[in-house]
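Everything below concerns the one structure shown next.
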Amino acid sequence: MRITACHAATLRLNNAGACRNRRSNRAEHRAILQKEYILSFTELGLIKPLLETLANQGYETPTPIQAKAIPAILEGRDVVGLAQTGTGKTAAFTLPLLQRLHGGSGRGKDRVVRVLILSPTRELAAQIEKSVRDYGQKLSLRSTCVVGGVPIKRQQQAIRNGVDILVATPGRLEDLVSQKSVRLNNIETIVLDEADQMLDIGFMPAIRRILKLLPAKRQTLLFSATMPREIRKLSADYLNDPIEVTVATVAKTADKVTQSVMHLPADGKVNAMAKLCRTHPGKRIIVFSRTKRGADKIARKLNAENFGAAAIHGNKSQGQRTRALDAFKKGTMPVLIATDIAARGIDVPGVELVVNYDLPHVAESYVHRIGRTARAGASGLAISFCAPDEIKLLRAIERLIKMKIPALSADGSPLADSDVPQPPRAAKKADGGKPNNSRRRHRPRRRAA
Ligand code: AMP
């Protein structure tokens, strides 16, 4: 992979006044990153067992986030990574952390948790822990995943048996800490993954409480798809002289996906969805619904027509969520219906079609959603349903991605600009005041993942 000057320009080095050692290390980073450079995993300083595993996985070159973050993490630096899933972010932090732990862990029950990875959702936590096991298959390190929605006993036993790397959702981790089932005083590195989603879900107070329990001398890695003010503040409060690594902005990922928007009445969506399943037989389809009830309704309709669909959202048991995701990954159940909360960060290769059954209230979510297809360089298709009362949301998305999404009519034929419906006109207030159509500013719902 060619690391261009443009990528290099996004690497910012903070606090020029750090010690001389740091300065020379930074100079090396700059040297790597400022010229056009073709990097290999070997050049990044990874050890042989990891290189062999990467070769077995078919990874030939590091992705930009890996090229930038791996050397910094190996060196022990704090890192703020502005990157979303699909960029190779998990390997970017997992590989160097495995290398740092290698050779230094105890045996059996003497192992202590030295790396803590926090994830906003159970599915993402499970996915990260699987990556940790996959990438670390040639090293003798142990990891486990602790999340809510499943019995705590087995997790307590796994920790008692000795663990080097713990992947957790914040709620379950706090439960384990309060029951004295896990000690955090040996943590050398903490990773906060998808920090902006943790903020959305309402995990920020828990994150701050957990950070206070960790040794002051530690490495902190923070990854986030966006950098809202609260995440900047978190970074300023808890990271020490971090290197900032940025790869492709959120809006950029929309480029690789063929997008269209189907204008139709709200009550025509269910039938349009069934029709899409008929016209894409056997294809892997992810459908995004704004509400849990809506997701269940779509699943019922599609199953009634034998399309093989399951819904995942916060009201489903962990067993149901895991079974649905596994069946979708294996391809035995081709349609997955999800709410944003359950789906972000989930990496399923080969998703051919993303359907936005409802348009999201937060424009950035659109980009995350359609990013479920076109992963790892592949191309993909995204179709969004837009009822008349969603046109304002559509305009906000188009402003974010800086493009007009080609319009289709309810039967799927192209729609001329002049035929695209306009947002419903607002009724004037009786007192002659401003029209009362202002949608309440969206505040993310706070729910446990
Ligand atoms: P992530 O952003 O961590 O969710 O990774 C997205 C996908 O890219 C995963 O399926 C990884 O297995 C894959 N991947 C990560 N790094 C590389 C690489 N250097 N070369 C090829 N595929 C990769």
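Start at 1 and go down the list; that is how both ligands and their atoms are numbered.
A donor-acceptor pair is defined here as one N or O able to donate and one able to accept, closer than 3.5 Å; no such pair exists between the side chain of S384 and the backbone of N356.
Only the side chain of F41 comes within contact range of ligand 1, with a heavy atom under 4.0 Å; no backbone atom does. At a heavy-atom distance under 4.0 Å, no atom of E60 approaches ligand 1.
Within the structure, ligand 1 lacks L54 among the residues with a heavy atom less than 4.0 angstrom away.
By the 3.5 Å distance cut-off applied to N or O atoms, P62 is not counted among the residues near ligand 1. For a threshold of 3.5 Å applied to N or O pairs, the pair formed by Y59 and ligand 1 contains at least one separation below that value.
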Inset, instruction - Could you give me the CA-CA distance, side-chain angles and deciding distance for D237 and K212, then say whether salt bridge (charged side-chain N to carboxylate O under 4.0 Å, His left out) is met? - result: CA-CA 11 Å; D237 291 348; K212 284 194 189 120; over 6 Å; no
Legend entry - Candidate pair K233 and E230, rule salt bridge (charged side-chain N to carboxylate O under 4.0 Å, His left out), full reasoning: CA-CA 5 Å; K233 172 102 177 51; E230 291 91 333; over 6 Å; no
Inset, instruction - List the steps and the verdict of side chain to side chain contact (heavy atoms under 4.5 Å, CB included) for L118 and I210. - result: CA-CA 10 Å; L118 289 183; I210 292 167; 4.1 Å; yes
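In this structure, the side chains of K89 and V247 stay at 4.5 Å or more apart for every pair of heavy atoms.
Which parts of ligand 1 touch T61 is read off a 4.0 Å heavy-atom cut-off, strictly below it: atoms 18 (C), 19 (N), 20 (N).
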